[in-house]
Structures are given as C-alpha cells and as structure tokens.
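Here's the structure, in structure tokens; my notes come after.
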Protein chains: 2
Amino acid sequence: MPQAATDKYQQQRAQAIRSAAAVFAEKGFHGASTKDIAERIGIKQGSLYYYFKSKEEALGEVCLYGIEDYVHRMASIAATNQPFEAKLLATVTSHLSSYRERNEALKVHNDERLYLPEGKRQKLHELGSRYRKSLQGIFQEGVANGDLRDSIDCHFAAQAVIGICNAWGDIIVREPDLDIFDVTQKCVDLLLNGFCERRRNSRQDRRG
Amino acid sequence: MPQAATDKYQQQRAQAIRSAAAVFAEKGFHGASTKDIAERIGIKQGSLYYYFKSKEEALGEVCLYGIEDYVHRMASIAATNQPFEAKLLATVTSHLSSYRERNEALKVHNDERLYLPEGKRQKLHELGSRYRKSLQGIFQEGVANGDLRDSIDCHFAAQAVIGICNAWGDIIVREPDLDIFDVTQKCVDLLLNGFCERRRNSRQDRRG
DNA sequence: GAGTAATTCTATCGGTCTATAGAATAATTA
DNA sequence: TAATTATTCTATAGACCGATAGAATTACTC
C-alpha cells in the first residue's frame, strides 16, 4: 500500500496533479468526482488513492502547483536592481505567462482553495501574501525613487495590478491568439499614465 | 403541488433566493446541499421544492439576482449626459456598492454560473456583455470628447476597470470599515492619471 | 527466469445526495 | 365553522461518491 519516493513515482504523481487540475478547473472541487480524475489520468477510480490519500490532498497539491513558480518568479523580480518600470513590466508579464501556462491550476487555486482545511489554506495564504508584499514593495520603492507620485496608496496599487492581471489572465486563456507582451504593454501603460489626456482641459472641477 | 403567483409566495421565494445565495457563496454550488439551503431558510429539505423545481433552478435565480440591478444601474449611468469623469466615478461607485449589498449573490454569479445549463448561462452572459459594452461605450465617448488619449484600447480599458472593481469588491466585503467613496476615488485617480510622477524625469526611454 | 517490489484492478461498505409522493398542518375564504 | 387552498412535513426511491482491502498484474532486480 505505501509508495516509494522514487523518481518515476514522483513524475507520475506530477502528471496526476495536472490531470486533477484540469478536472477541478472544469467541474469544481465538489463537482468533480475521483472517478472523473482517474479517468483523465487513464486509471480506475480506486487506483487514484495510490497517489493521494484523499481527494482533498489532491486539491492541495493542485493549488500549490498553481502558484508556486509564480510566487518564486515574483520574488526574484523584486530582488533585482532593475528600475521601477522594468520591474512592473516583468511582474505583469510573469503573471500573465503563468496564467497561460498553468491556467487550470491557477483557476483552481483562486476558486477552490477555500475548501481546503485550515492548515493548508493558511500555507497558501502565506504564499499569496508574500506575492502581494513583493509587489507592494516594488511600488514603495518606486515612490521612494520619485518614479511615482508619493500620494499613491501602495496597498491599493498592488491589489489593482493583481485585479487587472487576473481579469486579463482569464481573457488570455480564452483567446490564445493574444500576445502576452502586447497586453503587458497596455497594462503598464495604464498603470503608469492612466487613460487621461495629459490633463489640461476638462477637469478643473474637484480636487484643489 | 403547483404554486400560486400570489404576492406572498413571491416574497417568500425572494427570501429563499437570498438564503440560497448565502449558502452557495459559502460552500459553492456542488458543495452546498439542498438540506443546507432549506435549513438556512428554516424549512425542511423536501419543502425547498415548493419554491424551486430543482437545485439548479435555485442557482439560476441567485445568479440573476446578483447582477440584475447592477446591470440596470450601469445602463442608466451610460444613458445620462454627465461628462466622462462623472460617469466613470458613478460606474465604480455603483459596482462597489453592488458588491457590498449583494456580495453573496455576486460571488455566486462570478464563480458558479458556469454550472448552469447552456441556455441560462447564455442569458447571464448577455447581461454581462451589456454591462461591458456600456462601460466600453463610456470610454469611447471619452476618447471622442478628448478626455482620454485616443491611443487607448477601450475594450482593454473596460476590462481593466471591471478587474479592479472585482478585486476591490472582494476586499470591501472582507473589510466593512472601508469607505466606498474613498476606494472609488483611488480607483478613478488610478484610471485617469496612473501612478506615475507627472512624467518629466525617469522615462525618456521607449515611446516616441 | 525466480523472486520481489511497484502499480493497478475489482469489489464493496457506509454514507450522502436530489427529487418525488403523499400525508399533515396552516392559512384563507365562504 | 366548513370547505378550500397554500404551505410544510415525513418517508423514501434511486443514484453516486469517497475510501478501503485484498487480489491481480506489471515492472524491476538478482
């Protein structure tokens, strides 16, 4: 019954995780049955328990798989010495690329992780927080360097970037022809410059 | 077995829809049982079928409840003669207010509507499209009036606004002390002006 | 090729779920 | 209050699901 920590086992398990990601993404955690997952892998329902001790463990692995490298990439971007704009560009590109590569697992992470037991949910939350804080740090740096108006709320800014990236991540998945770099450029342009004409006419009203 | 179209019936059914929204929001469509929903209403499981002919019908009603007035409000904002900035402000406020008032049903609409059968999903999709198109129209108007740079991609812009509003909608629900108008101001400020210092130093690099 | 370990299969138990039918109760009307 | 209608309840059918145990098979090692 117990398994080995052999290489082949780990590889097949990794494949099982990706299959589970696809099924969970399509049907949701509770809507997907272990039979569905097993079929996608190409084994019988009972055999699934050779790789996971429960359906819930499979969910945990999928969620982790969804965000791990995406969090790591964020950390290394934040650690570089690039100027603010380059970091922001790299962040958005990285976020959108992750969406294209691991969209199923990411979707599962975003939508289903709350069904995990407290402990695992907490661990994922910490990873997410690390991501948000790195991003927030990039903005704080930008303010300190004078690249950004010092009136901006860095917490808000980070959250806004994540929101835009998620919204466009979904679209990128739906429309495989979209070029990630094009989308990135538009995102960064919005974030830096806004949509406004260089403000001259048309808004002397509020704001002193 | 069949019911009446009486006023009282409709009212109790509306209450049942809100209860279902709460349960679906917490546990997801497949994770919630008809017993859970009935208990929240205060009736027994079997009695639920006096109000809905199936669990799935309940989901459809919840989703519709979640977006209906929010779509309508958007339409009336777009139809006014306010200047661009006022329209954008009203849109964001309306979106965030909906999140606070109907956050459970909205969450259900966003996360669970894909479990509806094709027909109903299609109807909801049309409502959502109407919303997106109204918003996109506001941006196109803004470009035409010279309030916005004519280089912006209105489709992208609308999607970005929705993404930001959704991200902050979640936060607003989690943190009831946040003032919606404050958040609205920050959103609009970002959208119009971006995060950048009024661009003088620090970016002569790309862009002709 | 015999023997061992790794992997998958079959079969099943106990539980939960949606939906229905018909009885029971509450509300309304005459 | 009697009759009618609206609402809720109880009980259950029928199906599926997660997990386990042990047999069967495959892959590896000597």
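Letters go in sequence order (proteins before strands), and every chain restarts at 1.
Using a 4.0 Å heavy-atom distance criterion, B:Ala32 is classed as a sugar-phosphate-only contact. Note on B:Ala58: nothing from the nucleic acid sits closer than 4.0 angstrom, heavy atoms only.
Ring-plane geometry between A:Tyr51 and A:Tyr9 is classed as parallel, the angle between the planes falling under 30 degrees on a 0 to 90 degree scale with a further cut at 60.
Within the 4.0 Å cut-off from OP1 or OP2 of D:dT7, not a single side-chain nitrogen or oxygen of B:Tyr51 is found. Within the 4.0 Å cut-off from OP1 or OP2 of D:dT10, at least one side-chain nitrogen or oxygen of B:Lys44 is found. Listed pair B:Tyr50 / D:dT8 fails the phosphate criterion, with no side-chain N or O lying under 4.0 Å from OP1 or OP2. Distances shown here put a side-chain N or O of B:Ser47 below 4.0 Å from the OP1 or OP2 atom of D:dC9.
The CZ atom of B:Phe52 sits 12 Å away from the P atom of D:dT8 (whole-angstrom rounding). At whole-Å resolution of the value, CD1 in A:Ile43 and P in C:dT8 are 6 Å apart. Atom pair B:Gln12:CD and C:dA26:C1' shows a separation of 12 Å (rounding to whole Å applied).
The environment of B:Lys120 atom NZ is dense: over 12 non-hydrogen atoms of other residues, nucleotides or ligands sit within 6.0 angstrom.
Nearest to the side chain of B:Ser54, among D:dG18, C:dA19, C:dT18, sits C:dA19.
In this structure, B:Phe84 has its ring center no closer than 6.0 Å to that of A:Phe195.
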Could you walk me through whether A:Tyr131 and A:His95 pass the side-chain hydrogen bond (donor to acceptor under 3.5 Å, both in side chains) test, one step at a time?
CA-CA 11 Å; A:Tyr131 181 90; A:His95 195 121; 2.7 Å; yes
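When each of B:His30 and B:Lys8 is assigned the nucleotide of DNA chain C with its nearest heavy atom, B:His30 is the one assigned upstream, toward the 5' end. Place A:Gly46 and A:Gly31 on DNA chain D by their nearest nucleotides, and A:Gly31 ends up nearer the 5' end.
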